[in-house]
Amino acid sequence: MIKVVDLYKSFGDLEVLKGINNEINKGEVVCVIGPSGSGKSTFLRCLNMLEEPTGGEVYIDGIPLTEHKKDINKLRQKVGMVFQQFNLFPHMTVMDNITLAPIKLKGLSREEAREKAVTLLRKVGLADKDYEYPNKLSGGQKQRVAIARALAMDPEIMLFDEPTSALDPEMVGEVLNVMKQLAEDGMTMVVVTHEMGFAREVSNRILFMDDGIIEEENSPEELFSNPKSERTRSFLSKVL
Amino acid sequence: MDVFLRIIAKLSDEIYFNLIRENRYMHFVKGLGVSLQLTFFAALIGGVIGLFVALARLTNNKVLNAVASKYVDIIRGTPVVVQLLIIYFAVFASTELPRTTVASIAFGINSGAYVAELIRAGIQAVDKGQMEAARSLGLSYAQSMYHIIIPQAIKNILPGMGNEVISLWKETAIAGFIGLEDLMRGAEIVRGRTFSNYTPYLVIALIYFYITVMMTAMLGKMERRMRKSD
């Protein structure tokens, strides 16, 4: 579904991604772990062209993204994204946050979009919050709304950029539960995370990134209990 | 007591000669109309120019960028009265446009440069994540600007915009340079008739002041309404 070939990304003189190759298949849940500054987020942001690669190519359903910049808005509809800082639209109610894109881009009527939003809000456990403004919500609630907003576009794949890193500890669980549910429903997911428990429990595959490359990848069981690379081992010993 | 009476007598004389006799108050009333009209249309024109110039400065298009920033530099680098005279006597010299229109355009072009900077700063102050979230949903740059960024930027821009309209209101006092009978000019005309030293100026000072107070109150109301979702 997503294929990454020889991906490079530099910011000025700083080379952040140094040749990434990977393929993410339909229905897979892939967690990306690694130390800060290893390029995890940049890698994720290249998958929907929020960062433009300096080299290599990202294919979504076989379509090379850098060659189809004109269609990028259309292609992005297939790829939902959830951010560390939630990035809800503060001037709109929860309902409008969720319905804006489906109305403008999918041509849904207001009623259809609302119906769908209500279903999604129920799914993330916030059925009663539809007419609140984001600033009235807790961090965990904001992030669940952000997930519902992304899902409203019926994406084929969901990208999560450290979705629980900005949350108070007691709110991490509610967000992870929603994500777990999503994974069980068969959504294809790429999750950059520091939640090792979640990675271990939910993912099919883990990518360990260090210094701009994928240092090691494996099933969670193998990677956590039997890391092959020295750097993986040293990282895991610090976080587990 | 004597002094007091003399002041009253002098004051009523001044009022009579500067406002009542020969319906001279009409110069002020008409002048107020002209000044308000200029401010209104100049603010409108300035707002539209400002928005487009701000957007031009924010794009990656080098030509648009250069044109927009030159415009801002030139307007901010020259006195508004000089701009008004050049626009009236050079740019629109051969047209039949009414003076109020020309002056509105001139003040609008001037105000646009300041408004552009306000809007640009207001847009840049909106968190970067907002644009990213909008784009990640598949909205185009223009849709994201229209639905997400600009509504939030307005909240940042509004206080500065209020200041801009208030300065514009007072800047229009130079409209007399191209023969418009605005408030300022109205005072000059009355003064020419009555030879009062300063009474007509006091009258227009009061008018300028109270209109400004009213504008400030209106802006305060708008700002409070905008804060609804905070």
Side-chain angles (χ1 to χ4, degrees), chain A residues 41 44-45 47-52 69-94 96-106 131-136 142 145-155 157-161 166, chain B residues 47 50-51 54-55 58-65 118-162 219-230:
Chain A
S41 287
L44 193 74
R45 291 159 59 84
L47 298 183
N48 66 350
M49 294 286 122
L50 280 187
E51 300 293 353
E52 211 173 299
K69 279 185 199 155
K70 289 212 177 83
D71 310 318
I72 193 66
N73 298 325
K74 201 89 195 144
L75 288 164
R76 278 191 182 126
Q77 294 183 24
K78 298 184 183 184
V79 186
M81 188 160 195
V82 174
F83 300 83
Q84 183 177 353
Q85 299 298 337
F86 329 127
N87 296 341
L88 292 181
F89 307 134
H91 59 301
M92 294 179 175
T93 61
V94 165
D96 290 339
N97 263 276
I98 299 175
T99 56
L100 174 74
I103 291 172
K104 295 292 165 202
L105 302 174
K106 299 201 122 183
Y131 288 98
E132 295 282 12
Y133 280 96
N135 65 329
K136 294 277 189 300
K142 281 183 199 168
V145 171
I147 293 172
R149 177 176 70 180
L151 290 175
M153 287 302 289
D154 296 320
I157 181 163
M158 287 280 284
L159 310 177
F160 293 85
D161 189 3
Chain B
L51 179 63
L55 291 175
L58 288 169
T59 60
N60 294 324
N61 185 319
K62 284 211 175 77
V63 179
L64 279 178
N65 240 311
L118 278 171
I119 294 180
R120 185 173 66 100
I123 286 175
Q124 280 174 336
V126 175
D127 183 55
K128 215 168 107 268
Q130 292 290 311
M131 179 57 100
E132 292 185 346
R135 297 306 302 274
S136 79
L137 289 166
L139 294 165
S140 68
Y141 177 82
Q143 285 173 319
S144 308
M145 270 292 175
Y146 182 77
H147 293 290
I148 307 301
I149 307 300
I150 290 176
Q152 293 182 63
I154 287 175
K155 229 188 285 188
N156 304 332
I157 295 165
L158 203 63
M161 206 69 125
L219 282 159
K221 219 179 221 173
M222 276 165 77
E223 273 177 52
R224 276 193 296 282
R225 198 175 308 160
M226 297 293 280
R227 258 182 256 131
K228 176 180 70 167
S229 64
D230 280 349

- Task: List the steps and the verdict of side chain to side chain contact (heavy atoms under 4.5 Å, CB included) for L137(B) and L100(A).
- Result: CA-CA 10 Å; L137(B) 289 166; L100(A) 174 74; 5.8 Å; no
- Message: Is there a side chain to side chain contact (heavy atoms under 4.5 Å, CB included) between L139(B) and K104(A)? Walk through the geometry before answering.
- Response: CA-CA 8 Å; L139(B) 294 165; K104(A) 295 292 165 202; 4.2 Å; yes
- Message: Between R135(B) and N73(A), does the side chain to side chain contact (heavy atoms under 4.5 Å, CB included) criterion hold? Intermediate values first, please.
- Response: CA-CA 7 Å; R135(B) 297 306 302 274; N73(A) 298 325; 3.1 Å; yes
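For chain B, the nearby part of R45(A) is the side chain; its heavy atoms alone come within less than 4.5 Å. Proximity to chain B involves both the backbone and the side chain of Q77(A), based on heavy atoms less than 4.5 angstrom apart.
Taking both residues in full, the closest heavy atoms of F89(A) and A133(B) are given as CE2-CB, 4.0 Å, listed atom of the first, atom of the second, then distance.
Residues of residues 122-129 of chain B lying under 4.5 angstrom from chain A, judged on non-hydrogen atoms, are D127(B), G129(B) by number.
The residue among Q85(A), R149(A), K74(A), M153(A) with the most heavy atom pairs within less than 4.5 Å of chain B is R149(A).
By the neighbour-count criterion of 12 heavy atoms within 6.0 Å, atom OH of Y146(B) is sparsely surrounded, having that number or fewer from other residues, nucleotides or ligands.
A donor-acceptor distance shorter than 3.5 angstrom exists from the side chain of Q130(B) to the backbone of L88(A), with no hydrogens or angles considered. In this structure, the side chain of H91(A) engages the main chain of H147(B) through a donor-acceptor pair within 3.5 Å.
Taking the side chain as every heavy atom from C-beta outward, S136(B) and F83(A) approach each other to under 4.5 Å.
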